[in-house]
Amino acid sequence: DAGITQSPRHKVTETGTPVTLRCHQTENHRYMYWYRQDPGHGLRLIHYSYGVKDTDKGEVSDGYSVSRSKTEDFLLTLESATSSQTSVYFCAISDVTETQYFGPGTRLLVL
Amino acid sequence: GENVEQHPSTLSVQEGDSAVIKCTYSDSASNYFPWYKQELGKRPQLIIDIRSNVGEKKDQRIAVTLNKTAKHFSLHITETQPEDSAVYFCAASKGTFDSWGKLQFGAGTQVVVTP
């Protein structure tokens with residue numbers, strides 16, 4: 001597996017609390033992505049980054065924000081978690097070859 | 001934006017038979033088409049990909065075909081084995097120069113290989 005880690009791997013939180021998920025890579029890849037995976041929907045892009053401090057929205061970005069202050073770290077923040085944000089979150093990285101490699105995922109449960 | 005449809009949603013095959021999964025895409029500018037395999041509780045793993053300048057690509061028991069005119073691409077698995085049981089996802093992208101490598105995924109196909 002490519003050098004990608006995600007933390008935490010599991011999290012239970014309450015509605016209304018802020019949550020931050022971290023993606024860390026050791027591959028020095030330029031592009032980083034956050035997806036959520038829900039049954040019947042495949043993988044849906046939340047936000048992506050094409051360089052340090054360069055980020056943009058994906059198809060399901062409402063309620064999420066991101067930051068990338070270093071090449072190796074891409075943070076996803078749920079400003080005020082809702083039950084609809086219960087999901088499995090995957091980070092992915094790629095370079096100019098376009099092949100995306102996925103991290104191990106974070107299971108988030110919002111009660 | 002791009003829309004990718006994947007069929008079937010579930011596929012049950014006998015060990016040794018072939019499995020075929022088909023995806024259609026909407027944006028004719030898409031030029032990169034990867035396939036991922038995801039085992040239960042694991043991360044998606046790339047198994048094969050194809051670019052728009054190629055019509056077919058093979059890797060041992062796995063092959064992918066691309067029909068740009070019809071805007072569809074298919075995954076073929078021959079001589080299926082129990083370890084092929086997983087969820088398979090297709091995806092499409094317009095590449096890193098036009099769309100920062102963003103992938104649009106299909107909804108997935110659950111493949112079950114029965115002995």
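Proteins get letters first, then strands, A, B, ... in listed order; numbering begins at 1 in each.
Crowding of B:Glu79 atom CD: a count of heavy atoms from other residues, nucleotides or ligands under 6.0 Å not exceeding 12. In this structure, A:Arg44 places its CZ atom where more than 12 heavy-atom neighbours from other residues, nucleotides or ligands lie under 6.0 Å away. The 12-atom threshold is exceeded at CD of B:Glu83, counting heavy atoms of other residues, nucleotides or ligands nearer than 6.0 Å. In the displayed structure, A:Glu14 atom CD is contacted under 6.0 Å by at most 12 heavy atoms of other residues, nucleotides or ligands. Heavy-atom neighbours of A:Leu111 CG from other residues, nucleotides or ligands within 6.0 Å: above the threshold of 12.
Taking all atoms of both residues into account, the shortest heavy-atom contact from B:Lys42 to A:Phe90 is O-CZ, 3.9 Å. Here the closest heavy-atom approach between residue A:Tyr48 and residue B:Lys102 is recorded as CE2-CD, 3.2 Å.
Remark: B:Tyr36 OH to A:Gln100 CD distance equals 5.0 Å, nearest 0.5 Å. Separation of atoms OH (A:Tyr101) and CZ (B:Arg43) is listed at 12.5 Å; rounding is to 0.5 Å.
Note: the hydrophobic cluster containing B:Leu66 also contains B:Val54 (ILVMFWY, side chain heavy atoms under 4.5 Å, direct or indirect links). Under the 4.5 Å side-chain contact rule for hydrophobic residues, B:Ile62 and B:Val111 share a cluster. Follow the hydrophobic side-chain contacts under 4.5 Å out from B:Val64 and you reach B:Leu11 in the same cluster.
Contacts of B:Gln6 with chain A are absent, with no heavy-atom separation under 4.5 Å from either backbone or side chain. In this structure, chain B has heavy atoms under 4.5 Å from both the backbone and the side chain of A:Leu43.
At least one side-chain heavy atom of A:Gln37 sits under 4.5 Å from a side-chain heavy atom of B:Phe89.
Remark: the backbone N or O of B:Leu103 is not paired with any side-chain donor or acceptor of A:Tyr33 at under 3.5 angstrom. Of the possible donor and acceptor atoms, none in the side chain of A:Glu98 sits under 3.5 Å from a partner among the backbone N and O of B:Lys94.
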side-chain contact (heavy atoms from CB on, under 4.5 Å) assessment of A:Thr99 paired with B:Tyr32: CA-CA 9 Å; A:Thr99 301; B:Tyr32 174 63; 3.4 Å; yes
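Counting heavy-atom pairs closer than 4.5 Å to chain A, the top-ranked of the candidates B:Ala107, B:Gly108, B:Pro44, B:Ala91 is B:Pro44.
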